[in-house]
2 protein chains.
Amino acid sequence: MVSIRDVAKVAGVSHQTVSNVLNTPEIVSEATRERINKAIKVLGYKPNAAARRLRSGHSDVLALGISPASDRSPSPIFDSFLHQLASAAGKDGKKVMLYAKTDQDKDIELFESLREQSDVDAIILNGLEHQDRRPLWLLEHHQLFALFGRPWGLPQEKAVEIPWVDVDGFAGIKEMTQRLIAAGRTHIGYIGWSSDPGVGSDRYDGWKTALKEADIPYASNDEDLASWTEKVEEGLGAGMEEAAALMERHPDLDAIVCPSDNIAVGVLLAVSRLTKYTVVDDDPEKDISARPVIVTGFDNSRLARAFAFPSVSQPLDQVATELVRMINEILKGVKVSNEPRWHRLLKPTLVWRDSAVGGK
Amino acid sequence: MVSIRDVAKVAGVSHQTVSNVLNTPEIVSEATRERINKAIKVLGYKPNAAARRLRSGHSDVLALGISPASDRSPSPIFDSFLHQLASAAGKDGKKVMLYAKTDQDKDIELFESLREQSDVDAIILNGLEHQDRRPLWLLEHHQLFALFGRPWGLPQEKAVEIPWVDVDGFAGIKEMTQRLIAAGRTHIGYIGWSSDPGVGSDRYDGWKTALKEADIPYASNDEDLASWTEKVEEGLGAGMEEAAALMERHPDLDAIVCPSDNIAVGVLLAVSRLTKYTVVDDDPEKDISARPVIVTGFDNSRLARAFAFPSVSQPLDQVATELVRMINEILKGVKVSNEPRWHRLLKPTLVWRDSAVGGK
DNA sequence: TATCAAGCTTTGAACGTTCTGATAGTCTGT
DNA sequence: ACAGACTATCAGAACGTTCAAAGCTTGATA
């Protein structure tokens, strides 16, 4: 194995100068720098990560938990996020380490073992549960971390100390609802999660607000609103019965907004069965505006593409980049504060679809 | 930071004895061992991974590439595999590191940078392309690795040197076809990948063989078989037109076998539209045997659950466990040979469904 | 009693890097 | 010509662990 000292010998300098070329090239004169770089190339020298870690105390590794897929698994786009994160981290010379998530207690146990082991510089949390203990534990033990998602349900004074990136579900759903209204739909229902004080109510509010601002009659009364709403647990294909109930209650229903693609698929299937539009021969799905009821989702996953329903697309590349940026700044010693750069609420993109079903 | 020497001081022994307790406890007398363990607990000592790596030369880290989700992405179950792998590795004190896959050349470049850096002990490859250069490169450069999937298309003498785990697609599809025959279906078509000499033809052969063994008339003639087959590119919702074509060609068709859940969904949708069975009121999907055409998939992903079609389930936990075991053995210095324990073809499980559509 | 083996423990070096402080060389201004 | 400041380089220590080998008991054997 070729070390920094071998390079030094070949280049005729001390080992420290080689180290300087690697870490602070600007303090080395150009002549020697070139000589050393040449020696590095000739010898095929690669810095030893372990030694670097041992001495410098940081590992350039981010840890990310991955939960069993059977979980309510908010994201059909989790693997997409993983790729973006690995990519963003890689650009920065960092690596992403996976750990298998189980429950909060086990997670914390694991954090404990990562701590002080100089094995992981920072942790990226996502998919927080309500009143999650993990962020507080991490804060308390001065373990660096950043959050994908907002720290819903945490006291304000704590939340301020937590760096997070999230996508604005409220704005996304609101825009989608407005787009439906612009398309002439005026009887728009909502089928979403039953028990989710954070993300769920945020998206629900998006729908409600759009209706109110457009002066849709039933939006002015909470009781009326409730009758245009159905609660359902997250899950692929969920919401079929609820869609039926909603349509029975409101025969004039012409659109349904869902906070996830998983639910939207179920709702779309139920709707298409009840409205018979899938059996018409000349494919009415070619133009979704011809659909008796338009169903919309969230995440713009492959499901939305395959079933050709409109969906809200999360800018996962930006999420990943911002997370890595935040962690970098923290590692450099910048303190987390109330400034906006520690709490990024990214705007999602509306993906409308007029094209035919199918495709990849 | 508390080190091995601090523990030694408290326990009144030398640092090496502490190290022995950690690595080879059996050579330390019980009395001292207990004393040291107590000191470890009291001081909250955690071994420093970086130092251990530096000295011992191995990192206990496995690298795994993750490709952008837009790719033909063979697995709607990739994240599930990730979880299993992280879990299996974790049980063994190992970690999984992600790297962002792009193309073969970039991958190899990355392998090169991982090499000698004592940053990664072994690489896990999956989703090989046809005539993939990566396994050969890794062999040539003596970088340890194992494969999820078979080294299709590699010369036998090389393939023998490559440790791999795969799931027997042939057996899975064959069993599924036999199950359809047992259910009284005798006109069974196949819609699968157009260009895939490895996995694709393996699964196709499963269908063909089952038909032949059951003496289905059209199975004896290759030309007839071809007319019961449609080729299609992988993709969620793909295969709609092909399903229509197949049904037109064979009005007596009563089942379609697909090599992936993604395709099965498209096929199922096309079939349900053409056979009008989704519009019947008393949910014929409650019992799939009542379906005019049964569609089957592969992977038993959430899609199969949601749309209630039968599918072949891959034992991902076993795959992960075996991969980790192989890598462990190689790390211990065991040479890869022609023995069966280096080439594991695992039996998948058939998941039949009689229950209603929907649910999680 | 001297010798040897076995069981347990210790000592010192080594892994490859970065950190710290020192040294030589060059330039500037008086 | 000389102090002072700055630049480029160097030498040695340090990070926390494991490796290699040597040392100390103890008990059995000749």
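Per chain, numbering begins at 1; letters A, B, ... match sequence-line order. Because the structure is predicted, anything quoted here is derived from the model rather than measured.
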Any pair counted as ring pair (Phe, Tyr, Trp, His ring centres under 6.0 Å), so long as it reaches residues 314-344 of chain A, sequence neighbours left out: A:W164-A:H343
Test of understanding: with salt bridge (Lys or Arg N to Asp or Glu O under 4.0 Å), list the residues that count as partners of [X], not counting sequence neighbours.
X	result
A:E329	A:R325, A:R341
A:R55	none
A:K347	A:D168
B:K94	B:D60, B:D92

Under 4.0 Å protein heavy-atom contacts per nucleotide of nucleotides 8-20 of chain D, with B for base, S for backbone only and - for none: SSBBBBBBBBBBB
Helix axis bend for the helix from C:dT1-D:dA30 to C:dT30-D:dA1 - C1'-based end axes, five pairs, 10° rounding: 60°
Pairs meeting criterion salt bridge (charged side-chain N to carboxylate O under 4.0 Å, His left out) with involvement of residues 137-150 of chain B, two or more places apart: B:R150-B:D166, B:R150-B:D202
Sequence neighbours excluded, every pair satisfying salt bridge (charged side-chain N to carboxylate O under 4.0 Å, His left out) that has a member inside residues 35-45 of chain A: none
